[in-house]
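A, B, ... follow the sequence lines: proteins, then strands. Residue 1 opens every chain.
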Amino acid sequence: MLKAKFYQSLTRYCAHLICLLPFVFLCAAAWNNQLGANPVEMLHTTLGEWALRFLCLTLTITPLRKFLKINGIHSYRRMLGLYAFFYASMHLLVFIALDVNFSWTFFLEEFKEGPFIIFGIVTYLILLPLTATSTLSMQRKMGRRWKALHKLIYLAAITAILHYFLLVKSDLLKPVIYAAYIILLFSFRLQMRIIKNRQPV
Amino acid sequence: MLIKNKTPISSNEVTDLQVFNNRRKIIKAAGSLPLLALYPYNSILADSNKYQNIPTGPYSQNLATTPAEAVKNYTNYYEFTTNKTDSTKLAQALKTSPWQVKIEGEAEKTGLYNLEDILQANPLEERIYRFRCVEAWSMVVPWIGFPLQKMLSKFKPNSRAKYVEFTTLYQPETMIGQRSSVLQWPYVEGLRIDEAMHPLAFMATGMYGEEMPKQNGAPLRLVIPWKYGFKSIKAIVKIRFSETMPQTSWNISAPNEYGFYANVNPNVSHPRWSQSRERVLGGGIFTPKRKTEIFNGYGEHVAHLYNNMNLKRYF
């Protein structure tokens, strides 16, 4: 019993370490001037892409559990979601601190140029309440409403991918891959719902 | 049979052992030009000799240049990849010699020209220019080449030549990016004839005191400092004088985003991002962006080309 608990917490620690690895590598590269000719852009885009990857991973947990019947991974959904928020926060911080240098004028200059920045900000604004209500106690307190609220993560994935689409000049390959993956997850959910409805009451 | 040896090295040519052992120290300590001049650069750089001691041309600016390493490892070369660092390696597959340039259209002396002959007819000069990409980053590069005007006028364009069209090599076997359809291949760019004949317009074959690296557009690339970087077409194989405005690659790809003129202008944003500031390459993480200047700072020389033109409409 105690041993099982020990292994459980050990794997959790390992999971944290793995989730933090990209961040650690980026910091080390920044420290050693290994981010290339445009270090701020490299930091900014890498952090953003990791935020999107963690968002996709978070959404993968439930289908994985239901379809492949892998149990015990459900507790990692929150962790992955929080790391998506962590990387999104770092991504935003780089933008505010290193790109617009904490200047409102510069920020508005970028912001008024249309949907590109707006989709990024909207994504972050969606992730905020999800993060704030991510604790177990909040989940219990909110009950049904919690589930409804946390469906917003799909919207966040969509706005994040639109944000990505608007960044690239003509090579749409990467955002298309992310979009395809999200559509795949959507169809899993849809299928699950259909199966559920078919079952006799 | 008598076998003659090569001239033996006479003892006074042999470097004293002590001097040899301290060679790095001596060079460092000396720091004076006369001694550095003795250092046998020529033997090491025999091939790129051509690009050493190039006279500075007119319009060259006295600006601190971007570290060469940054310029050589951050290029948009979609013929190879859309990744700006991978292009450095991938572009090495390109064979840049022998190279020919085809001259077509509204000119007297059309035909196929060897690059060597073009180079022989146009003495090299160095020009330090600002280079501003439409993606809002910039750099300062010491280009080596010759004024575009000098090269073009030798082909004697006629009065119907209103535009000049440039085409990049199409060779999907080596230019593997051309196998995907991110852009319409081959890459085409163009200028109005008065823009092409402006003394600022430059044809570059080298940079930073050496031959042009392949990823930077060897062996022959355009440099139009007052326009966004995508106008400065690389690896040119064809130049056509025409009466009508050329269909250019980025303009075909997204006409509402990339105009034919593509003059650097902080007041006309890209539809998706601001052009008011730029990230200067080679800076650190905490270096702030630089304010972008109209015509990339070359307004006093080129603004008159666009008199009475609505720059918001003709972007």
Original post:
Of the backbone (N, CA, C, O) and the side chain (C-beta and beyond), which part of A:Asn33 lies under 4.5 Å from a heavy atom of chain B, both, or neither?
Top reply: neither
Original post:
Can you say whether A:Val94 sits under 4.5 Å from chain B via the side chain, the backbone, both, or neither, judging by heavy atoms?
Top reply: neither
Subject >> Contacting moiety of A:Leu167, where chain B heavy atoms sit under 4.5 Å >> reply: backbone
Original post:
Does CD belonging to A:Gln8 count more than 12 external heavy atoms closer than 6.0 Å?
Top reply: no
Original post:
Which atoms of B:Val134 come close to chain A, meaning under 4.5 Å heavy atom to heavy atom: side chain ones, backbone ones, both, or neither?
Top reply: side chain
**OP:** Return yes when atom CZ of A:Arg144 has more than 12 non-hydrogen atoms of other residues, nucleotides or ligands closer than 6.0 Å, and no otherwise.
**Re:** no
Original post:
Can you check side chain to side chain contact (heavy atoms under 4.5 Å, CB included) on B:Asn76 and A:Lys169, steps first, answer last?
Top reply: CA-CA 11 Å; B:Asn76 272 322; A:Lys169 259 160 70 188; 3.8 Å; yes
Subject >> B:Glu69, part contacting chain A, at a heavy-atom distance under 4.5 Å >> reply: neither
Subject >> Engaged part of B:Lys84 at the chain A interface, taking heavy atoms whose separation is under 4.5 Å >> reply: side chain
**OP:** Please list, in residue-number order, every residue in residues 271-280 of chain B that has a heavy atom less than 4.5 Å from any heavy atom of chain A; write 'none' if there are none.
**Re:** B:Pro271, B:Arg272, B:Trp273, B:Ser274, B:Ser276, B:Arg277, B:Arg279
Original post:
Using non-hydrogen atoms only, which part of A:Leu173 is less than 4.5 Å away from chain B: side chain, backbone, both, or neither?
Top reply: neither
**OP:** Determine whether more than 12 heavy atoms belonging to other residues, nucleotides or ligands lie under 6.0 Å from atom CD of B:Gln92.
**Re:** yes
